[in-house]
Peer 1: 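Before we start, here is the structure in question, set down as structure tokens.
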Amino acid sequence: MHPVARVSTCYPDKFGVPRQSGLVPGARARLVFEPPFRHPDAVRGLEGFSHLWLIWVFSESVNEGWSPTVRPPRLGGNVRMGVFATRAPFRPNPIGLSAVRLEKVELHPQDGPVLHLSGVDLVDGTPILDIKPYVPLADCIPEASEGFTAVPYERLDVEIPAALGCTMTPEERKALADTLALDPRPQYQDDPERVYGLLFSGWEVKFRVEGSRLLVLALHEIKAG
């Protein structure tokens, strides 16, 4: 298989990426097709769909092997489940699946058709193997059971001091807060004195967590070059 496209996202590193698509609606991406697939006819009719399925590669896990059991974060990281009962990246074939919102289709003079997406859970540069429209009639099953993933997401109360990141747009600030609220820390780490670092949309973020409160300590803009 060969990637048909790659995405540019606000997550340059695995740490902090939402564990499922749609959890951070403001997490945006720009999907650019690889040269052999930059044909406007290939996306004809796509603009009529509000959501897409992305089939992609866990590119940062391809050489890490697989295990028959993994420890899902939804269960606190201490309980093992079968790899095929999870969406863990350490799979026999490192393929991911995400349902994302299609914001618009742009015809770029150099890059060809470009898809603008939101609600992504992808690391910057992720290779995309295929794109398919999300069809509610076939893809939405309201009565489906959730198994062990039915545990509700508990979100942290995020505090970003107004004096930090003054040049960050309101949209970026909201997307950062939503990302942090999901608690990017490994489930087994709960040291209130530990300072964590996260990269987000050109910013280096330092934060600490105590109980259900996450306090951003510093926001440093990363200068290009």
Side-chain angles (χ1 to χ4, degrees), residues 1-14 16-62 87 89 93-141 165 167-179 182 198-205 221-225:
M1 292 190 183
H2 305 283
V4 300
R6 295 183 186 273
V7 290
S8 298
T9 79
C10 52
Y11 300 110
D13 190 67
K14 286 192 300 183
V17 174
R19 295 188 175 101
Q20 300 292 342
S21 58
L23 293 178
V24 180
R28 297 184 175 270
R30 184 174 182 268
L31 183 150
V32 178
F33 288 90
E34 294 291 283
F37 309 103
R38 291 181 184 176
H39 200 295
D41 285 347
V43 297
R44 184 189 301 171
L46 198 62
E47 69 279 356
F49 294 90
S50 66
H51 291 75
L52 306 175
W53 287 112
L54 300 183
I55 301 170
W56 47 277
V57 179
F58 283 104
S59 52
E60 298 195 17
S61 304
V62 291
R87 298 188 179 188
N93 295 302
I95 297 173
L97 177 69
S98 298
V100 300
R101 175 176 283 277
L102 174 62
E103 298 291 344
K104 68 175 181 178
V105 179
E106 172 196 11
L107 190 58
H108 192 275
Q110 282 81 42
D111 295 334
V114 174
L115 308 185
H116 293 264
L117 313 170
S118 63
V120 301
D121 57 344
L122 305 170
V123 176
D124 186 57
T126 295
I128 306 299
L129 294 177
D130 202 0
I131 300 159
K132 299 180 186 292
Y134 180 95
V135 180
L137 176 66
D139 297 341
C140 180
I141 307 175
T167 62
M168 182 177 279
T169 67
E171 292 77 15
E172 286 179 318
R173 205 175 187 89
K174 175 67 165 58
L176 172 61
D178 288 346
T179 297
L182 294 172
L198 178 147
L199 299 178
F200 177 87
S201 193
W203 294 83
E204 182 182 13
V205 186
E221 192 168 8
I222 302 171
K223 303 298 182 181

Peer 1: Provide the closest heavy-atom pair for Val120 versus Ala29 in the form atom of the first, atom of the second, distance.
Peer 2: CG1-CB, 3.7 Å

Peer 1: Using 0.5 Å steps for rounding, measure from the CG atom of Asp121 to the OG1 atom of Thr179.
Peer 2: 11.0 Å

Peer 1: Would you name the heavy atoms of Pro18 and Leu23 that are closest together and state the gap between them?
Peer 2: CB-CB, 4.5 Å

Peer 1: His116 pairs by side chain to side chain donor-acceptor pair (under 3.5 Å) with which of Glu106, Lys104, Arg30?
Peer 2: Glu106

Peer 1: Using modelled atom types only, decide if a donor and an acceptor are shared between the side chain of Thr9 and the backbone of Leu122 within a distance under 3.5 Å.
Peer 2: yes

Peer 1: Would you name the heavy atoms of Pro127 and Arg6 that are closest together and state the gap between them?
Peer 2: CG-NH1, 3.3 Å

Peer 1: Does some side-chain heavy atom of Leu52 sit less than 4.5 Å from a side-chain heavy atom of Leu31?
Peer 2: no

Peer 1: Testing the basics here: between Glu221 and Thr167, what is the closest heavy-atom pair and its distance to 0.1 Å?
Peer 2: OE1-OG1, 3.3 Å

Peer 1: Please report the interatomic distance CD1(Ile95) to CD1(Ile55), rounded to the nearest 0.5 Å.
Peer 2: 8.0 Å

Peer 1: Using a 6.0 Å cut-off, check whether atom NE2 of His108 has over 12 heavy atoms from anything other than its own residue.
Peer 2: yes

Peer 1: Let's go through Leu199 and Glu204 carefully: what are the C-alpha distance in whole Å and the side-chain angles of both, what is the deciding distance for side chain to side chain contact (heavy atoms under 4.5 Å, CB included) to 0.1 Å, and is it a yes or a no?
Peer 2: CA-CA 5 Å; Leu199 299 178; Glu204 182 182 13; 4.1 Å; yes

Peer 1: Report the distance from atom CE of Met168 to atom OG of Ser201, rounding to the nearest 0.5 Å.
Peer 2: 7.0 Å

Peer 1: Spell out, as yes or no, whether a donor-acceptor pair under 3.5 Å connects the side chain of Ser59 to the backbone of Thr126.
Peer 2: no

Peer 1: Heavy-atom distance under 4.5 Å between the side chains of Ser8 and Asp124, does that happen here?
Peer 2: yes

Peer 1: Would you say the side chain of Ile131 lies within less than 4.5 Å of the side chain of Phe37, judging by non-hydrogen atoms?
Peer 2: no

Peer 1: Nearest 0.5 Å please: distance from the NE2 atom of His51 over to the CG atom of Leu117.
Peer 2: 10.5 Å

Peer 1: Would the number of heavy atoms belonging to other residues, nucleotides or ligands and lying under 6.0 Å from CZ of Arg87 be above 12?
Peer 2: no

Peer 1: Which label fits Trp53 and Tyr134: parallel for a plane angle under 30°, tilted from 30 to 60°, or perpendicular past 60°?
Peer 2: tilted

Peer 1: Are any of the side-chain heavy atoms of Val57 and Pro3 separated by less than 4.5 Å?
Peer 2: no

Peer 1: Output, in order, the C-alpha distance, side-chain angles, deciding distance and verdict of side chain to side chain contact (heavy atoms under 4.5 Å, CB included) for Val123 and Trp56.
Peer 2: CA-CA 11 Å; Val123 176; Trp56 47 277; over 6 Å; no

Peer 1: Please check if the side chain of Arg173 supplies one atom and the backbone of Gly165 the other of a donor-acceptor pair under 3.5 Å.
Peer 2: yes

Peer 1: Can Ile128 and Glu34 be said to form a side chain to side chain contact (heavy atoms under 4.5 Å, CB included), step by step?
Peer 2: CA-CA 10 Å; Ile128 306 299; Glu34 294 291 283; over 6 Å; no

Peer 1: Taking all heavy atoms of Gly16 and all of Leu198, pick out the closest pair and write down the distance.
Peer 2: CA-CD1, 3.5 Å

Peer 1: Within the 4.5 Å heavy-atom criterion, are Leu182 and Arg19 side-chain neighbours or not?
Peer 2: no

Peer 1: Taking all non-hydrogen atoms of both residues, which atom of Phe200 and which atom of Val205 are closest, and how far apart?
Peer 2: CB-CG2, 4.5 Å

